[in-house]
Structures are given as C-alpha cells and as structure tokens.
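The structure under discussion appears below in the form of structure tokens.
A, B, ... follow the sequence lines: proteins, then strands. Residue 1 opens every chain.
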Protein chains: 2
Amino acid sequence: MKNYIKADPWNIVEEGFDPALNEVSESIFSIGNGKMGQRANFEEKYSGHTLRGSYVAGVYYPDKTRVGWWKNGYPEYFAKILNSTNWIGIGIQIDGEELDLATCEVESFSRVLNMKEGYLERKFVAKLASGKRVEVKSTRITSLVDSHNGAIRYAIKALNFAGKIRFEPHLDLNVFNQDSNYDEQFWVEVARSATDGTAIITGETKKTAFRLATAFRYQLDIDGQVATAAAETLSHDMYIGYASTAALAEGQTATLSKFVANISSLDVAPDALEAASRSSVQAAQSKGFDTLLAEQAAAWAAKWEGCDVSIEGDVAAQQAIRFNIFQMNQTYTGEDERLNIGPKGFTGEKYGGVTYWDTEAYGLPFYLKTAEPHIARQLLVYRYRHLDNAIKNAQKLGFKDGAALYPMVTINGEECHNEWEITFEEIHRNGAMTYAIYNYINHTGDRDYLAEFGLEVLIGVSRFWRQRVQWSDRRKGYVMLGVTGPNEYENNVNNNWYTNLLAQWTLQYTAESLAFVKASNPQRYAEITAKVAFNAKEDELAAWADIAAKIVLPVDEETGVFIQHDGFMDKDLTPMSQIPAGEYPINQHWSWDRILRSCYIKQADVLQGVYMFEDRFDKETIQRNFDFYEPLTVHESSLSPCIHSILASSIGYEERAYAFYLRTARLDLDDYNNDTEDGLHITSMAGTWMSVVEGFGGVRVRDGKLSMKPWLPKQWQSYSFRIFFRGAHLRVEVKPGEIVVRNESDVATELTIFGQTTPLAAHAQLRHARG
Amino acid sequence: MKNYIKADPWNIVEEGFDPALNEVSESIFSIGNGKMGQRANFEEKYSGHTLRGSYVAGVYYPDKTRVGWWKNGYPEYFAKILNSTNWIGIGIQIDGEELDLATCEVESFSRVLNMKEGYLERKFVAKLASGKRVEVKSTRITSLVDSHNGAIRYAIKALNFAGKIRFEPHLDLNVFNQDSNYDEQFWVEVARSATDGTAIITGETKKTAFRLATAFRYQLDIDGQVATAAAETLSHDMYIGYASTAALAEGQTATLSKFVANISSLDVAPDALEAASRSSVQAAQSKGFDTLLAEQAAAWAAKWEGCDVSIEGDVAAQQAIRFNIFQMNQTYTGEDERLNIGPKGFTGEKYGGVTYWDTEAYGLPFYLKTAEPHIARQLLVYRYRHLDNAIKNAQKLGFKDGAALYPMVTINGEECHNEWEITFEEIHRNGAMTYAIYNYINHTGDRDYLAEFGLEVLIGVSRFWRQRVQWSDRRKGYVMLGVTGPNEYENNVNNNWYTNLLAQWTLQYTAESLAFVKASNPQRYAEITAKVAFNAKEDELAAWADIAAKIVLPVDEETGVFIQHDGFMDKDLTPMSQIPAGEYPINQHWSWDRILRSCYIKQADVLQGVYMFEDRFDKETIQRNFDFYEPLTVHESSLSPCIHSILASSIGYEERAYAFYLRTARLDLDDYNNDTEDGLHITSMAGTWMSVVEGFGGVRVRDGKLSMKPWLPKQWQSYSFRIFFRGAHLRVEVKPGEIVVRNESDVATELTIFGQTTPLAAHAQLRHARG
C-alpha cells in the first residue's frame with residue numbers, strides 16, 4: 001500500500017517526483033473519453049521506467065493463444081486492445097540538450113488530475129546537466145465533446161538562461177503491447193505525410209486490418225505571441241513529426257499547443273480516414289486550446305450534475321469516490337454500442353482491454369443509476385449483437401438448437417479465455433447477461449426492450465441451461481456438473497448454488513418474458529419465435545418449468561445455509577482469520593491445489609446470489625448465510641468487498657459495511673495490491689460506488705418503485721448521491737438527523753424511504769427523519 | 001490405422017517406399033541400447049518429411065515452461081531429452097548428383113528391423129535424374145555390447161554406369177527439438193577436430209552444461225578391397241566430416257563403414273571426453289563391422305533367452321509381442337541407476353523423454369519378470385535418489401516435515417509438469433512409488449531393500465498422505481480433497497477411491513516395513529529413523545494407523561461397487577457404447593468440459609486399484625466392479641486395455657481379455673492412433689506383455705510363491721513365456737491340453753498352478769493338464 005496521493009475533494013494530486021512510483025501514477029492520472037485513452041506518460045522523452053499506453057476503443061488484435069497443454073474447445077486467439085499511435089510525444093531539446101526527467105535534476109514536480117474539469121496537468125522545474133533550469137507546465141485532455149480529439153498545451157520557461165528550445169511534436173506508431181504473447185508488433189504503417197502543417201500517420205493492424213489515422217497540428221507561441229519559426233519535417237518508418245525552434249530570452253516562455261485527431265476505421269471508412277482526421281484536427285485547432293479546455297469543463301460539469309457523490313467530513317473518501325466515478329465516465333460513455341468496459345479501462349494492458357461479466361455485475365448498476373437509460377441500454381445491445389457468436393461458442397462446446405453461451409472474455413462475442421476451468425465452466429456469466437436485462441428493465445421500466453432485443457438473448461441462454469443440466473436419478477433432481485462459480489478458488493464443482501439459482505431464475509424469467517411479449521406485442525412474438533424456432537423440437541416452456549422446479553438447490557440441514565456446492569461442507573471450515581499472518585493473500589502464498597481444497601472463498605459466491613435475489617430471502621436467511629460464508633472469504637478479488645459491504649449494510653452490520661467499503665474505495669489511489677502500475681481496477685470502482693448508493697443508501701427498486709434505507713457512517717458528517725430513475729433525477733442527501741431528497745427533474749415519481757412510500761413531484765423536496 | 005508392416009516372427013519389415021509413412025517408419029524402426037537411441041532416419045540426405053532424432057539418455061535441457069495463466073507452484077521448466085549430434089549422416093554424391101530419395105525415383109525399397117540380432121537394414125534401388133541407378137544397402141546398430149558405440153555399413157552399387165561416388169560421412173550438431181517451447185537451439189559447439197582419421201565434435205547443452213563428444217572413423221572398400229582414396233576434411237560451424245570418393249566401374253560396390261562413439265559427461269569427465277571418444281571409436285573400428293554385428297547378435301540372443309514370448313499359430317501376434325519386448329529392451333537396460341524409461345523411449349520427442357508413473361506401473365512389472373532382479377531394482381534406486389527433490393516438491397506445495405511428493409514428470413526428481421489438475425492433484429503417482437517397492441520385494445524376496453533404500457521412500461510418502469488428508473466431521477472419516485485419479489477425464493475430485501486406497505495401503509505397508517527393519521536390522525533402523533526424525537513431532541505410527549482405519553472408501557449401496565469419487569453416481573451413466581459413432585475418441589471430438597462432466601473413464605481407475613490389490617477382493621467383487629466400470633471406459637490411454645485384459649482374464653472373460661490385448665498389441669506397428677510418427681508407445685508395450693503373462697498366463701506372486709492359471713486364446717495354437725523368479729528362470733509353455741513348465745536354472749523353486757503347489761527342481765520340467 002502506498003500513500004502518496006494528496007487528499008483533495010476534486011483533484012488527484014501528486015507532489016514530488018519519485019521514479020519508482022512513475023508507472024503507478026501513469027495509471028492513476030490516465031485520461032480517456034470512452035473512445036480513446038492515454039496513460040499519464042510524459043510528452044517529452046523519458047528514459048526511466050514507463051509503460052507507454054495510448055489506446056483506441058475497439059481496435060484489437062487476435063493474439064495467438066498461449067497455453068501449455070491444449071484442450072479441445074480452447075479459442076485460437078486472445079483479443080487484445082492494442083497500444084496504438086503514441087500521439088502525445090513532444091521531444092524537447094534545449095540548446096541541443098535533451099530534456100529527460102530520468103537524467104536531469106527534478107527540482108519540483110507535480111501531477112494534478114482535475115476531475116471536475118477533466119484535464120491532466122503536470123508541472124515541474126528541471127535542471128539540466130548544463131545547469132540550465134526550465135519550468136514546464138503541460139495540460140492535456142482527451143475531449144469529451146469530440147471523442148476523436150486530444151489536445152496538449154506544453155509551456156516551457158527558460159528560468160536562468162537565454163537559448164533555443166527545439167520542439168519535436170510527433171506521432172509514433174512504433175509501439176508494442178507489453179502483454180503480447182509472442183512479442184510481436186501488431187501494426188503496419190500504411191501512410192505517412194506532413195503537408196500544410198498537418199502531419200498524419202495511418203497504421204493498420206495485422207490480421208484484423210483495423211486502420212487508425214492519427215493527425216496533428218501545432219502552434220508555437222512565445223510569451224503569448226505566435227512564433228513563426230520555420231518547421232522541419234521529421235519522417236521515418238512509423239514516425240512523423242515536425243521540429244520547430246523557439247529562441248528565448250531568460251524568463252521567456254515558449255508554448256506549444258498540439259491538436260490531435262485519432263480516428264479509426266470503426267468510425268470512418270478506411271479510404272476517408274486521412275481526410276477525416278485532417279479536417280477534425282483543423283477544426284480543433286481553429287477552436288484553440290482554451291476553447292477546447294472550456295468545452296471540456298462544461299461537458300464534465302454536465303456529467304457530474306448527474307452522478308456526483310459528495311461526502312462531508314472525510315476528504316480522502318470524497319476524493320476516492322469522485323476518482324472512481326470519474327474513471328467510470330472516462331472509460332465508458334455509452335455512445336457506441338460496439339464498445340464496452342475493460343477491467344482496466346484505458347489505463348493499462350492487463351486483461352487485454354476486453355469484456356468480462358464485470359460489465360453486467362458492476363458496470364451496469366452504476367450506469368443505470370448515474371445516467372440516462374440509453375447509456376446502460378447500450379451495454380445490453382452490445383451483448384445482443386454478440387448473440388450469434390454466443391450461439392457459436394456454445395456449438396463449439398457441443399450445445400445445439402440455438403443454445404447460447406456468452407464468453408468469459410471477449411471483444412466481438414467470440415471466447416478468448418483459455419483456462420478450461422474458467423472458459424468452459426465459469427458459466428454463471430451466462431446468467432449475468434440475463435440478469436442484466438432484468439436489472440435494466442426493473443430500473444428503467446423499459447419492458448419494450450424485451451420485444452426489441454432482450455427476449456432472443458433470454459431464449460438462447462435458457463436453452464443453454466436446459467442442455468447444461470442433467471437429470472439425476474440419485475438426486476431426484478436436475479444437477480449441473482462441472483462448473484466454476486464466482487469463487488474461482490473452487491474449480492470443476494458440482495451444483496454450485498449460485499449458478500443453479502441463476503439458471504433456475506433465467507428459465508423462469510424467460511418464460512415470463514415470453515408471456516409478456518406474446519400478450520403485449522403478438523406480432524413481434526411471432527417474429528422472434530419463428531426466427532429462433534421456438535418449441536420446434538420440444539415444448540420448451542414445459543422443459544424449462546420442469547428444470548426450474550426440480551433443479552437441486554441444497555440447504556445444509558445442520559447450519560441452515562445454502563451449500564456453495566456439493567461437498568463443500570466436508571471441508572475444514574476454519575475461518576480465514578486463523579490463516580497465519582504472512583500467508584495471505586493466499587493466492588500469492590499457497591499453491592493452487594492447496595487453495596482449491598481449502599474452504600476459502602475468493603469473492604462472493606452464495607452471497608452473490610443472496611445479493612442479486614435479496615427479495616427472496618428474509619433478513620435472518622441473509623444474515624445466516626453472511627455469518628457463515630463471510631468468515632471463510634478472503635476477498636482476493638477487488639470485486640468482493642462491495643457485495644459484502646452492501647449485504648452488511650442491509651443486515652445492519654454498519655461497521656463492517658464501512659470496513660468493506662474502505663477496502664476498495666482507495667484501492668488504486670493507495671495502490672493497495674501493488675498492481676496499480678498495470679492499470680486501474682475500473683470495474684471494481686463501480687463496486688465502490690455501489691457500496692455507497694446500494695449499501696449506505698440502501699437504494700433498491702422494488703415493485704417498480706425506488707426505495708432506500710440510508711444510514712450515515714459515523715466517520716462522515718453527511719453524504720449525498722444522485723439517481724436517475726424512470727425519467728426522474730433525484731439528489732439524496734443523508735445527514736445526521738434526516739434524509740433530504742430533491743427531485744431535480746420535470747418528472748414526478750414515488751419514493752419509499754424506510755418502507756414508507758411518498759409521492760415526489762417534479763422539483764419537489766422531501767425530508768425524512770432518520771430512524 | 002495402417003497395415004503396411006509385413007508379418008514375420010522375428011523381423012519388422014517394410015516394403016516399398018511411401019513418403020507419407022516415412023515418419024511412422026522412422027519411429028517403428030528405431031534402434032537403441034539404453035544409452036543412446038536413433039530414429040530410422042536415412043544416412044544420406046532426405047529432403048522429404050522427416051523427424052530427425054538422435055538421443056542420448058540423461059542429456060536434457062530445462063526448457064522454459066509455457067503456460068497461459070501461471071498458477072502458484074508451477075515448475076519453472078520442462079525438462080526435455082535433447083535431440084543431439086546426428087551421427088548417422090553420410091552424404092552421397094554420384095558424379096556430383098546428390099542422392100536424395102525425395103527427389104529420385106525409388107524403384108525398390110525395404111526396411112527391416114532384425115529383432116533377433118538387433119540391427120536395422122535398409123535396401124533400395126534408386127534412379128537419379130541423370131538416369132544412373134544405384135543399389136544401396138545400409139546396416140546400422142547401436143551396440144548393446146558397448147553402449148557408447150554405433151556403427152553403420154553403407155554399401156552402394158553402380159548398377160548401370162561407371163562413375164565417382166563421393167561419400168561425406170559426418171557429424172552434425174546443428175539439431176533442434178521439434179517440441180521446444182520457444183524454438184531455441186539447445187547446443188553450443190565446444191570443439192571440433194579431424195585428426196588422424198578421427199573426426200570429433202563436442203557440444204555443450206545450454207543451461208545444464210552437459211557435454212557430449214561424438215567421434216567417428218570410417219573405412220571405404222570397393223568390392224571388398226580397402227580403397228585408399230584421399231580424404232578431404234569438411235568442417236564448419238556445428239559440423240565435422242570427411243569427404244572421400246570412390247571411382248566405380250559398372251557393377252562395382254563401394255562400401256563405407258562408419259564407426260561412432262557417443263560419450264557424454266554423465267559417463268566421463270568433461271576434459272576427458274574427447275580422448276575417451278577417440279579411443280572408443282578406434283576400438284570399434286579395430287573390431288570391424290562384422291565383429292560388431294556378431295557381438296550384437298550374441299548380446300541379443302542372451303536377452304531373448306531371458307524374455308522371449310513365442311506364439312504359435314498367429315504370426316502377427318508373434319511379431320507384435322516380440323516388437324514390444326525388443327523395444328522395451330532397447331529403451332532400458334538397467335545398467336545406470338540415473339536413467340529411466342521415457343514414454344516414447346528413444347523413438348521421438350513427445351513427452352520430453354522424461355519419466356512418468358508408467359515406469360512403476362508398467363515398466364517395473366516387465367523387467368521384474370524378464371530380467372535378473374538388479375535390473376528392476378535400478379528403477380527403484382532411481383526414485384530413491386530423487387527422494388530429496390520429492391521432499392522439495394512437496395515443500396513447494398506447502399507440505400513439511402519430510403513429506404515427499406514424487407513428480408508427475410521428471411528427469412532429476414524435480415517436477416516438470418504444468419497443468420494444475422495433474423501436477424498438483426494427480427498424486428496417486430506417489431503411491432505408485434511405494435507400490436513398486438512392495439512389488440519388487442514381493443517378486444524378488446529382497447526384503448533387505450527396505451533397510452537399504454526403500455524405507456526412507458515409504459516414510460516420505462506416508463508423511464505426504466498424512467498431511468494430504470483431512471478429518472471431516474461430516475463424514476466421520478478422513479477425506480482427500482482435490483485430486484485427479486488415473487482417469488484424467490475427471491479433475492479436482494474428492495475421495496478418488498483408488499488414491500485413497502493407495503494412501504491407506506501405503507500407510508499400512510510403511511508401518512509393517514518399519515517393524516520389519518526394526519526387528520531385522522535394528523542398527524539401520526536407528527540410522528534411518530534418526531535421519532528422518534521419525535516420531536519427532538508426533539506419534540507417526542499412531543497418526544497413520546488412525547488415517548488408515550478411517551479414510552473414506554465408499555461403497556455404493558445400490559450397486560455394491562466402489563465409488564470412483566464423491567458424486568460420480570450423480571452422473572448420467574449411459575454406457576460408452578451409446579456414444580454415437582464419429583464422436584470417439586471423445587478427446588478428439590468433445591470439448592474438455594463435456595468430457596469432464598460425462599461419466600466416461602479414460603483408463604482404469606477403480607479397476608486399477610482392483611488390479612493392484614486383487615488379493616483383497618473376491619471374484620464377485622472384481623466382476624461386479626468390472627461389469628460396472630468397464631462399459632463406462634473409453635480406453636483413450638494406451639495404458640488402459642492391458643489392465644482390463646488382465647482383469648478380464650482373471651474373471652474368465654476370455655474373449656474380452658483377448659479383444660483388449662489386441663487393442664494394444666500392434667498399436668504402433670499398425671499406427672492405430674495415427675500418432676506413431678511422434679514415437680512409439682514404449683510404456684504401453686510393457687502393458688501388452690503383461691496382458692499375456694499376467695493375463696493369459698495368470699501369473700502372480702502369492703504368499704511368496706509363483707502362481708499361474710494359464711488359458712489359451714482360441715486364436716493361438718500355443719504360446720510360451722519366460723519368467724525370472726527368485727533366482728529361478730522358468731519357461732512356461734501353454735498348449736491346448738497342457739501346461740509345460742521348465743526350470744531352466746540351477747535354482748529349485750515351487751510353483752502353484754491352478755491352486756496346486758508343486759516343487760520344481762533345477763532343470764526339471766513339470767506338465768500340468770489344463771483344466
């Protein structure tokens with residue numbers, strides 16, 4: 001754990017330069033706009049440790065799968081979002097001496113991520129070997145207004161000398177992925193030009209043939225006056241740039257503004273890319289950097305208006321929650337149904353930038369409550385577009401008749417993961433897809449989504465469950481063998497309670513949804529059922545109903561808890577608190593087999609099901625299962641504490657709820673797991689937000705109504721959060737003595753607070769004394 | 001399946017040249033002498049498909065482990081026996097035209113492996129593009145008399161021309177392993193010389209720094225007269241050779257004899273290697289090729305005298321069983337306790353040439369009965385020498401206090417395998433080590449082995465089982481969680497019956513062995529118990545006895561069979577005969593998860609235990625388990641049919657016993673699995689032999705006496721086999737009406753035939769009417 005980020009309610013602040021922390025900071029200070037993202041690498045050369053990363057959403061490479069021993073059914077490739085054209089580069093030479101913070105004396109240094117306005121600022125004073133001292137301030141954005149644009153303002157002041165500053169703004173396509181399986185380079189240069197002050201480099205990815213045109217223009221000022229230095233073109237393989245020199249008197253400042261457009265063939269036809277990037281970068285330059293910055297601030301202000309969480313009395317907590325919200329919004333904007341949320345967003349390469357069930361379990365609840373419904377809806381449409389590939393995935397594993405198995409890891413619907421115990425067995429993810437549909441409809445009320453897209457997904461997944469279970473004469477029930485639950489510290493188990501529960505629920509919900517569409521939209525019902533050949537081979541509804549009625553969901557007689565999976569109770573159930581210090585995290589200290597045969601749980605498993613289907617269980621049941629399973633849980637996934645925090649809130653374990661919240665709130669800011677350098681834990685950031693809103697706020701949607709049971713952690717003076725709900729937008733303030741809910745929208749709604757339902761008119765406010 | 005090998009009782013014969021079969025034949029016609037082995041590659045250039053392979057026992061490389069996702073406890077490397085100096089090469093140019101069977105017309109071609117005398121002969125007539133026709137006959141041995149020597153006689157006759165034949169005998173160190181993980185070259189050239197007619201190249205392996213000096217001398221004759229052609233030295237990186245030209249009249253024959261010595265630093269100090277190889281090759285040449293060939297025939301005659309199996313009335317079966325015996329003896333001679341048996345012997349690279357539990361389960365029973373006891377004993381000593389590393393392996397996985405876990409795959413006692421479900425979980429292999437000690441002592445009567453080496457191994461393995469089980473309050477017994485049995489189509493299961501049984505037995509046998517050594521050799525007992533700190537932390541005997549008494553070994557109430565593992569009976573138990581044609585082998589047609597959740601069994605699992613502990617079970621129990629499990633068994637390991645054949649013989653299922661025997665008898669000769677090109681299935685060859693001797697012959701050792709219950713497959717007229725037993729050597733002939741046993745040794749013994757025990761004096765014969 002580190003503790004070098006300065007607390008501030010709206011800014012992430014690093015002061016002083018520690019090269020050992022540089023890669024961590026590169027992750028933390030990343031910027032992005034849903035379409036492109038950039039680690040907080042330096043513009044000028046840096047010869048110290050750095051993980052350079054410029055990522056463009058959706059531009060991936062199918063890297064050859066690397067396994068030790070091949071298993072039938074493994075995918076041929078692992079998709080990776082590629083490190084792409086480095087667009088931030090600005091080489092600096094001072095009278096021929098290269099500016100490089102790894103080799104000069106750094107007298108002062110700060111990095112500030114301004115979350116309110118959405119920019120990264122870096123300032124430093126460096127003394128070169130020659131004794132020349134410069135003061136640098138760089139400001140950088142990836143534009144939320146035009147997601148193809150980035151811009152940098154790089155100002156350098158000659159503190160104690162008069163001399164020539166040579167700027168080399170450039171684009172560099174000679175980039176690699178640190179995590180490539182076979183050390184390949186993934187890009188081929190297609191074109192490179194520098195005409196009329198616009199430099200453009202176009203690359204094409206190998207195999208996938210995505211094209212990316214990156215253009216830049218620049219402007220050089222001295223003390224605010226446009227400098228008219230002659231520009232030299234720098235051009236060689238995979239590299240294009242300009243060089244321009246400013247002669248400064250002592251105390252003068254040269255400022256280079258670099259305007260960038262980064263457009264891929266996902267958005268523009270390949271042969272139109274260069275023209276598009278040229279006109280985009282011209283438009284950006286004609287606005288000018290100050291305008292771009294002002295637009296950016298306005299766009300972020302609008303975002304914050306919808307989703308801010310404020311905390312009084314704990315600035316570290318305030319900073320952390322805003323950081324998490326900020327990164328969620330930098331990662332995903334919902335503007336493009338082809339994009340999704342990688343576990344590291346645009347902040348690193350780990351996990352390949354591809355999509356996991358984290359999206360449905362954590363991302364979706366966040367966007368559902370913090371944005372207009374169409375944002376979250378895009379996440380569902382993304383999976384709908386992958387349905388055909390999910391059916392193919394299932395076919396590869398021997399399923400048929402339209403059964404769909406959504407992949408564990410994907411970018412286009414094809415499976416990319418290659419550990420059999422996960423790829424083939426961690427199939428509960430398939431239920432996350434259907435639950436997401438329910439969750440979306442439950443929150444938004446948009447039942448029309450079923451007829452449009454949802455029903456087909458539900459049918460495909462239900463068909464999978466139907467084929468995946470089998471009747472057991474011995475058990476007098478349907479069993480599901482050979483699965484891995486959310487707790488990946490158990491592999492290839494039988495009758496994982498959570499998976500069986502999700503399967504049962506999916507079959508029931510699909511039947512309900514079929515009935516609803518049949519009644520509400522018979523024409524569409526006819527279309528869909530014809531398209532998927534519903535009931536062609538058997539009475540599918542009857543088969544599903546039989547499975548839902550008879551799937552085994554065992555309860556332990558002795559303890560009354562749901563049994564995680566067959567045989568779990570045979571284990572040595574010593575609480576994890578008895579693990580000797582120095583032996584956890586167990587995934588770093590124990591061999592894999594020891595972990596597997598232990599009882600220890602990586603992340604919520606039975607409790608994940610209890611959380612998702614909380615309505616079904618009384619408080620005693622929730623508490624009994626929590627009391628049994630939580631002490632066996634090692635929380636070695638960043639996605640674990642939030643679910644436990646929410647459940648702890650729900651059953652009144654307030655101190656523990658707060659403790660769980662703390663475990664993830666500043667996970668990356670304080671680099672708890674020593675892995676922030678690989679990138680940020682984006683999806684777990686949504687979990688932290690859920691701990692506050694669903695946990696402390698107790699927000700639920702029950703019977704079509706928004707309900708809440710907020711409590712106030714004693715470490716805080718008050719907190720507030722905002723929620724979109726069926727057209728209304730509420731601001732909820734939780735104070736020591738009362739809860740104040742303001743409807744900030746034009747839409748009237750109803751609200752249940754501590755079980756008491758009250759109408760809440762547009763722009764009205766409601767005060768409720770805390771119990 | 002292929003069927004191109006001609007039937008012959010003592011020879012393996014290929015006639016006609018089919019390039020598509022070349023790599024298969026290269027495996028089948030391999031020669032070896034326990035120290036070195038050589039695939040049946042051509043001496044002259046061959047530009048077609050070939051897998052060149054020259055292997056030297058014990059010379060390995062720790063290739064970097066390749067996995068997709070690392071797990072704690074995985075080994076850093078996978079040891080591979082290296083393809084080493086190619087010593088067979090003899091380039092041939094005919095008036096400047098290269099002889100290459102891939103480019104010329106092959107008019108006739110034959111390969112013969114003479115198993116009786118131990119040599120490979122190849123003959124062909126080829127017509128070159130020029131129209132010149134040559135007749136070639138090459139004869140090759142790896143000497144059983146001096147295992148460092150190889151020799152080749154290569155005769156070429158000018159059939160229709162007069163011209164110059166240029167011979168380029170050479171050594172080539174520029175070799176690669178086809179199965180290397182990262183396409184590396186593993187050899188560095190250390191020295192190369194050609195002086196006084198001896199060419200020597202010395203290589204050193206990277207990382208492991210094994211040295212190998214290979215020397216050769218040659219002699220050139222024309223029509224039997226020594227030719228005195230001037231020799232040219234050919235020398236470049238990784239290559240040394242001579243060129244010598246013979247001018248032939250039409251009809252004349254030039255014969256090059258090449259004598260080779262191949263000596264590694266395992267046998268001779270590195271700085272003495274060149275001198276050793278020089279003197280070895282000189283000695284070989286001074287004997288001359290005919291003498292070497294005659295010595296080889298004599299050595300093989302002595303081998304066959306001890307181990308031949310003859311079959312009357314089925315020449316294909318006769319050929320097959322001799323092929324298997326021949327290959328077993330080419331692979332392992334028991335002369336060096338540091339060597340062991342790779343699953344492919346010296347015939348290919350697959351599985352890295354390293355050692356599996358196959359050695360103890362299949363290799364040991366073969367050598368125990370077909371050779372003097374010291375041969376099999378070396379296999380035990382091999383494991384004793386690895387005990388310290390087995391203890392380290394266990395420590396890596398969290399075990400302590402001298403617990404030993406023998407590796408799944410090894411060359412020096414360190415684990416090399418890297419699939420968690422095998423490496424960490426297929427721990428029954430540990431019991432194979434202790435069972436081998438029992439098996440050896442039971443057969444040979446050499447109980448002194450316990451005091452010398454055996455007891456320490458037994459204690460180490462027992463300590464492992466003691467720590468690997470855990471008490472279950474629920475089961476009121478000791479459970480063993482997270483294992484993989486011999487049936488690798490189930491992973492990470494609980495309470496595999498076979499593994500639990502082996503653990504129980506090991507604990508009991510270790511206790512008995514301790515008591516025996518304590519009583520018979522108290523001084524050694526004191527030494528060993530002090531060395532291993534026996535009883536230092538607890539009463540180990542008491543702990544073991546408690547586990548042995550209370551380990552769960554469940555019997556199914558409904559069927560009365562032993563339950564393969566917890567939950568097995570919940571599966572769909574449809575017999576494998578119902579799997580649709582075209583879907584097996586299931587490991588090529590089903591995804592891995594489907595295999596795992598099916599009931600289908602790869603190889604004997606419960607039945608492996610029933611086989612090993614047959615004495616404990618009455619015939620009805622054996623039959624009940626066989627009838628239950630065999631129909632669920634897909635026999636997708638070459639090691640499966642033999643165990644089933646032996647059990648089928650034991651319970652009187654004669655037709656099925658014969659059918660199982662057939663499945664492995666000609667596995668490689670007929671290339672049943674389309675994988676012989678990768679190398680031969682050496683360890684399963686021992687299983688075929690066991691099917692005859694333990695199966696058809698019904699040979700057992702019970703209560704210190706040799707017993708047998710032979711039956712005669714109706715496809716055969718008679719068969720005979722030979723057995724070493726406690727100093728005696730018996731030849732058993734099974735005829736339609738009677739069994740004739742001849743004691744061919746000077747040692748009297750007793751024999752139980754069909755339950756009737758009779759003494760059998762030295763050199764006496766016994767006739768017993770078949771029941």
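Between chain A and the options B/K396, B/R468, B/Q470, B/E490, heavy-atom pairs under 4.5 Å are most frequent for B/R468. Listed options B/M480, B/K571, B/R594 were ranked by heavy-atom pairs under 4.5 angstrom with chain A; first place goes to B/K571. Contact count versus chain B (heavy atoms, under 4.5 Å) is highest, among A/D473, A/V493, A/L481, A/L573, for A/L481. Each of A/G398, A/G567, A/G482, A/S472 has some count of heavy-atom pairs under 4.5 Å with chain B, and the biggest count is that of A/S472.
Scanning residues 580-590 of chain A against chain B with a 4.5 Å heavy-atom cutoff picks out A/I586, A/N587, A/Q588, A/H589, A/W590, ordered by number.
Only the side chain of A/F78 comes within contact range of chain B, with heavy atoms under 4.5 Å apart.
The side-chain heavy atoms of A/L397 and B/D593, taken from C-beta on, include a pair separated by under 4.5 Å. Inter-residue side-chain proximity for A/R474 and B/D556 is flagged as met; some heavy-atom pair is nearer than 4.5 Å. The shortest side-chain heavy-atom distance between A/N492 and B/E421 does not fall under the 4.5 Å cut-off. Considering only heavy atoms from C-beta on, A/E425 stays 4.5 Å or farther from B/R597 through its side chain.
Aromatic pair B/W420/A/W420: centroids less than 6.0 angstrom apart.
Summarising the geometry of B/V67 relative to A/R66, their closest heavy-atom pair is O-NE, 3.2 Å, with the distance given to 0.1 Å. Contact between B/S591 and A/G73 at its shortest, heavy atoms only, is CB-CA, 4.5 Å.
Classification of B/D570 and A/R475 as a salt-bridged pair holds, one side-chain N sitting under 4.0 Å from a carboxylate O.
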Go through A/W592 and B/T423 one step at a time and tell me if the side-chain contact (heavy atoms from CB on, under 4.5 Å) criterion holds.
CA-CA 10 Å; A/W592 184 241; B/T423 313; over 6 Å; no
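Between B/F424 atom CZ and A/I595 atom CD1 the span is 9.5 Å, to the nearest 0.5 Å. For the atom pair CG (A/N491) and CG (B/N491), the distance works out to 9.5 Å, reported to the nearest 0.5 Å.
Heavy atoms of other residues, nucleotides or ligands lying less than 6.0 angstrom from OH of A/Y74 number more than 12. Annotation for B/F399: atom CZ counts as buried by contact number, over 12 foreign heavy atoms lying within 6.0 Å.
Residues A/W471 and B/D572 have side chains that never bring a donor and an acceptor to within less than 3.5 angstrom of each other.
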